[in-house]
Amino acid sequence: MTTVRIPAGWPATEEEARAVQDELRARVVLDEPGPAPGSGHVTGVDVAYDDEHDVVAAAAVVLDAATLDVVAEATAVGRISFPYVPGLLAFREIPTVLAALDALPCPPGLVVCDGYGRAHPRRFGLASHLGVLTDLPTIGVAKNPFTFTYDAPATPRGSWTPLLAADEELGRALRTRDKVKPVFVSVGHRVTLENACAHTLALTPEYRLPETTRRADSLCREALKEAAL
DNA sequence: GCGACAG
DNA sequence: ATCTTGTCGC
């Protein structure tokens, strides 16, 4: 488990953070298909907090995309770098997530984030931000619709409907289990929406949430417990 | 002006 | 995100 410091020059105000998003947004790549679903590595990242002690723990778990077996994992802990503000989640998670990714012994392949990518007030959510900083292919799989609207997808797993902001399609509400609430998929960086959904389905043979985020979620919680920063 | 709002 | 046991249902 590695330890991280908040980077020098990290945004201190919401205004600064929004300016960073507006600045980096131009670097997002949307015209690459991304890795083929079901092959190579797929890495889940997630973060857990202890606001009481100002501690944050992140985990990165690499899976074999074909078997979903764990190939490698890493964790990092640090100080909370930003308050939770809807639309600015990335500033709270990214320093620790980057440290966890850096600590991996192998290439992450596609990175699956807990949250949004292009589906974001300024089209630059966590998954896009992480993608631009690492240049890795990234997608976002969120548990809630945030500010977006959608119609319920049909009952069977694999059904989907567009995720909309006004009339703009920014992602998909994708059903990963029959009759269960859908997840909300959006593109991060260097992956197509079509492929992002295919990856999400490949990662959900049994549960609503991708194996990547399930594994990363439990690992970062463990790391948080053992953190005595 | 008020309410809603990824994690 | 986090506080938290048992419990209804497939």
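Values below: all heavy atoms of this structure, side chains included; hydrogens, waters and symmetry mates excluded. Every chain is numbered from 1, with letters handed out A, B, ... down the list of sequences.
- Between A:Arg175 and A:Asp178, no side-chain nitrogen of the basic residue sits less than 4.0 Å from a carboxylate oxygen of the acidic one, so the salt-bridge criterion is not met.
- Aromatic stacking is marked for A:Tyr84 over B:dG7, as both cut-offs hold: 5.5 Å for the centres and 30° for the planes.
- A donor-acceptor contact closer than 3.5 angstrom is absent between the side chains of A:Ser128 and A:Arg25.
- Here A:Ala48 lies in heavy-atom contact (under 4.0 Å) with sugar-phosphate atoms only.
- Distances shorter than 4.0 Å separate none of the side-chain N or O atoms of A:Lys143 from OP1 or OP2 on B:dA6.
- Ring orientation note: the planes of A:His129 and A:Phe91 are nearly perpendicular, at an angle over 60° on the 30°/60° scale.
- The side chain of A:Thr147 lies closest to B:dC5, out of B:dC5, C:dT2, B:dG7.
- Going from atom OH of A:Tyr49 over to atom C1' of C:dA1 covers 7 Å, rounded to whole Å.
- Listed nucleotides B:dG7, C:dT2, B:dC5 differ in distance to A:Arg92; the shortest reach to its side chain belongs to B:dG7.
- Rounded to whole Å, the distance from CD on A:Glu93 to P on B:dG7 is 9 Å.
- Between the side chain of A:Thr192 and the backbone N or O of A:Pro33 there is no donor-acceptor pair closer than 3.5 Å.
- Residue-to-nucleotide proximity on DNA chain C shows that, of A:Lys179 and A:Asp46, the 5′-proximal contact is made by A:Asp46.
- One can place NZ of A:Lys225 at 11 Å from P of C:dT2, the figure rounded to the nearest angstrom.
- Residue A:Leu88 is classed as a base contact, given a heavy-atom separation below 4.0 Å to a base.
- No contact: A:Gly140 has no heavy atom under 4.0 Å from any strand.
- A cation-pi arrangement is found for A:Arg214 relative to A:Tyr207, the charged atom lying closer than 6.0 Å to the ring centre and inside a 45° cone about the ring normal.
- The nucleotide whose nearest atom lies closest to any side-chain atom of A:Arg221 is, among C:dT2, B:dG7, B:dC5, C:dT2.
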Open item on the list: Expected output check: what is the dot-bracket annotation of DNA chain B, where ( ) and [ ] are pairs inside the strand (brackets for crossing ones), | is paired with another strand, and pairs are Watson-Crick or G-U under 3.5 Å?
Closed with: .......

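- Paired runs in DNA chain C never reach 3 or more consecutive Watson-Crick or G-U pairs with both distances under 3.5 Å.
- Side-chain heavy-atom separations under 4.5 angstrom define the hydrophobic clusters, and the remaining members of the one that includes A:Leu163 are A:Tyr116, A:Phe146, A:Phe148, A:Tyr150, A:Leu170, A:Phe184.
- Between A:Asp217 atom CG and B:dA6 atom P there is a gap of 16 Å when expressed in whole angstrom units.
- At whole-Å resolution of the value, CG in A:Leu126 and C1' in B:dC5 are 16 Å apart.
- Using a cutoff of 4.0 Å between basic side-chain nitrogens and carboxylate oxygens, A:Arg18 and A:Glu23 are not scored as salt-bridged.
- By the 4.5 Å heavy-atom criterion applied to side chains, A:Asp50 and A:Ile80 are not counted as neighbours.
- The phosphate of B:dC5 has neither OP1 nor OP2 within less than 4.0 Å of any side-chain N or O from A:Asn144.
- With rounding to the nearest 0.5 Å, the separation of CD in A:Glu169 from OG1 in A:Thr161 is 9.0 Å.
- Put simply, CZ on A:Phe82 is 16 Å from C1' on C:dA1, counting in whole angstrom units.
- Rounding to whole angstrom units, NE2 of residue A:His53 and C1' of C:dT2 are separated by 14 Å.
- Rounded to an integer number of Å, the gap from A:Arg177 CZ to C:dC10 P is 12 Å.
- Remark: A:Arg92 is positioned above the aromatic ring of A:Tyr49, its terminal NZ or CZ atom under 6.0 angstrom from the ring centre and at most 45 degrees off the axis.
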